[in-house]
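Worksheet: the structure to be examined is printed underneath.
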Protein chains: 2
Amino acid sequence: MVAAYRRIAEAGFEGLRTRDVAAEAGVNIATLHYYFPTKEALIRGVVGHAMARFRTTFATGARPGEQLAAQLRGVRRLAMQEPELFVVMGELALRSGRDPAIAPIFKETIDAWRSTLRTLVHHAQSEGFVDRRLDPDTVASLVIAALNGLFMVPVAKAGSERIDRALAQLESFLGLKRSTRRS
Amino acid sequence: MVAAYRRIAEAGFEGLRTRDVAAEAGVNIATLHYYFPTKEALIRGVVGHAMARFRTTFATGARPGEQLAAQLRGVRRLAMQEPELFVVMGELALRSGRDPAIAPIFKETIDAWRSTLRTLVHHAQSEGFVDRRLDPDTVASLVIAALNGLFMVPVAKAGSERIDRALAQLESFLGLKRSTRRS
DNA sequence: TGCGCTCAATCAATCACTTGATGGAATATA
DNA sequence: TATATTCCATCAAGTGATTGATTGAGCGCA
């Protein structure tokens with residue numbers, strides 16, 4: 001249910017109340033329980049929705065040599081358009097550390113993401129955009145960590161231009177960008 | 001109170017119950033309320049404890065040229081020794097997005113961290129370890145994002161050797177390390 | 001005695017979830 | 001076609017359990 005998804009983005013897991021979800025969905029509490037017998041089932045629904053939404057980021061459309069850079073820009077654009085998605089993802093990431101039910105699902109999504117990035121890095125290497133001596137899997141892990149840190153942890157929100165600069169710096173490290181500005 | 005701190009690490013904010021905290025601390029509920037009149041006050045105590053604990057990371061002791069690398073290793077060591085700290089930090093980071101009471105405290109800590117890193121990058125540049133064309137503040141932001149993504153988001157926990165490689169790759173990007181292994 | 005601290009007992013509020021009933025569309029029966 | 005039956009979706013009104021917080025009586029020690 002999209003309503004629960006929105007509620008989590010607003011109030012987090014600690015503030016997730018079935019009453020509020022039902023209210024936001026415009027239905028009775030009993031109706032909500034008709035579709036989602038338990039709160040746990042509702043959360044599972046949210047997980048599925050969030051993961052599906054997040055996987056759309058992986059879809060690459062640009063030319064092979066620019067796919068990697070396009071991926072970074074795609075995540076950044078998604079973070080601007082749907083900040084709730086990253087809030088929910090962060091919430092789920094934290095919860096996956098103690099909830100064995102969603103841990104495998106979350107891990108699977110991240111693994112798929114890393115796999116995609118690994119391929120993109122490999123392609124970029126083949127075409128001379130990225131240093132061939134780098135290990136694609138390691139670079140993918142580092143990129144994921146940086147993006148997670150930038151967008152899932154709302155601390156960095158203290159200035160989107162800082163996020164832009166950090167992203168540009170990451171691209172520069174990867175060799176996708178020549179300009180390394182200063183001060 | 002350290003007990004509450006531990007409870008949050010175990011069950012997150014959503015699972016934080018004053019009763020459990022009192023039980024883990026080995027005191028009566030009323031005793032807990034004697035020291036922390038409200039749950040909010042208890043959380044403030046946890047925030048203070050976590051921040052103070054986290055700030056110890058900033059303390060640099062190595063030789064100027066190696067301070068930056070030492071900082072990265074220090075964070076990694078702390079993450080291995082006290083994983084709860086990073087769980088709590090992640091929980092606080094997420095909460096700071098919607099709780100105006102802890103948002104400024106958290107932001108202040110991160111700003112102090114970035115300031116420290118900025119200085120370290122600057123020093124490293126002065127001594128020729130890091131490319132002088134890089135913007136210290138931007139590099140600091142990227143490093144913080146990467147570390148946050150690696151340690152606060154427990155997703156990456158799928159293999160500490162992957163974390164090690166990603167960190168080594170980051171050091172390599174910064175110019176602190178020559179070896180860039182492959183596959 | 002007075003003060004810092006602790007305790008069992010209790011409260012009102014809130015939570016996830018249940019109950020029994022209702023209307024309406026689809027299907028079966030005549 | 002007309003009537004009876006079944007099933008799905010929804011609702012108002014609860015239920016018991018749990019929550020954060022309070023109370024007033026003690027305890028040990030200065």
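Chain A is the first sequence line, chain B the second, and so forth, proteins listed ahead of strands; every chain is numbered from 1. We use all heavy atoms of the structure for the numbers below, so side chains are in, but hydrogens, waters and symmetry mates are not. All of these numbers come straight from a predicted model, not from anything done at the bench.
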Expected string for nucleotides 16-24 of chain D under the B/S/- scheme (protein heavy atoms, under 4.0 Å, primed atoms plus P, OP1, OP2 as sugar-phosphate) is ---BBBBB-
Holding to side-chain contact (heavy atoms from CB on, under 4.5 Å), I want the full list of residues that pass it with [X], two or more places apart in sequence or in another chain.
X: A/Ala112; result: A/Arg55, A/Phe58
X: A/Ala79; result: A/Phe86, A/Phe151
X: B/Thr138; result: A/Arg165, A/Gln169, B/Asp135

At their closest point, which heavy atom of B/Ala93 faces which heavy atom of A/Val153, and how far apart are they? CB-CG1, 3.5 Å
Assess whether a salt bridge exists between A/Arg76 and A/Glu171, defined as any Lys/Arg side-chain N lying under 4.0 Å from an Asp/Glu carboxylate O. no
Side chain to side chain contact (heavy atoms under 4.5 Å, CB included) with B/Ile105: of B/Val47, B/Asp99, B/Ile110, B/Leu92, only one passes, and it is B/Val47
Does A/Tyr35 put a side-chain nitrogen or oxygen below 4.0 Å from OP1 or OP2 of D/dT10? yes
Using OP1 and OP2 only, check whether a side-chain N or O of A/Tyr34 sits under 4.0 Å from D/dT10. no
Does one hydrophobic cluster hold both B/Tyr5 and B/Tyr35, with members joined at side-chain heavy-atom distances below 4.5 Å? yes
Donor-acceptor contacts, no H, no angles, side chain residues 15-25 of chain A, under 3.5 Å, sequence neighbours left out:
from	atom 1	to	atom 2	distance (Å)
A/Arg17	NH2	A/Glu14	O	2.4
A/Glu24	OE2	A/Arg6	NH1	3.1

Can you give me the N/O atom pairs linking the protein to nucleotides 25-30 of chain D at distances under 3.5 Å, or say none if there are none?
none

